[in-house]
Amino acid sequence: MSDRINLADPSFEPSGEQLQALSKQAFAGVREAHERVLERMRREIAIARAEAIARLGRRTKPNGT
């Protein structure tokens, strides 16, 4: 944005273009951050699942019951 915007000024009314620019600036990088968090969560779930399966395997009686 080339024009300085004073959002603290109660009389300021942004134009549609200014609102679009503010929105783009405010949400820049959100998609990438969301994807990183999802990938980390998927890895953590996979690890927890593998650990749970391993614990269950250790609990199984030798005769399979």
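The hydrophobic cluster around Ile47 extends to none of the other residues, as no ILVMFWY side-chain heavy atom falls under 4.5 Å of it. Clustering of Ile, Leu, Val, Met, Phe, Trp and Tyr side chains at separations under 4.5 Å leaves Leu19 isolated, with no partner residue. As a member of the Ile/Leu/Val/Met/Phe/Trp/Tyr network built from side-chain separations under 4.5 Å, Val37 groups with nothing else and remains a singleton.
Looking only at side-chain heavy atoms (C-beta outward), Arg59 and Arg55 stay at 4.5 Å or farther from each other.
Here the shortest heavy-atom pairing between Gln18 and Glu13 reads OE1-O, 4.4 Å.
Between Arg40 and Glu44, at least one side-chain N (NZ, or NE/NH1/NH2) sits under 4.0 Å from a carboxylate O, which counts as a salt bridge.
The environment of Phe12 atom CZ is dense: over 12 non-hydrogen atoms of other residues, nucleotides or ligands sit within 6.0 angstrom.
Annotation: the span from Ser15 atom OG to Ile5 atom CD1 amounts to 7.0 Å, rounded to 0.5 Å.
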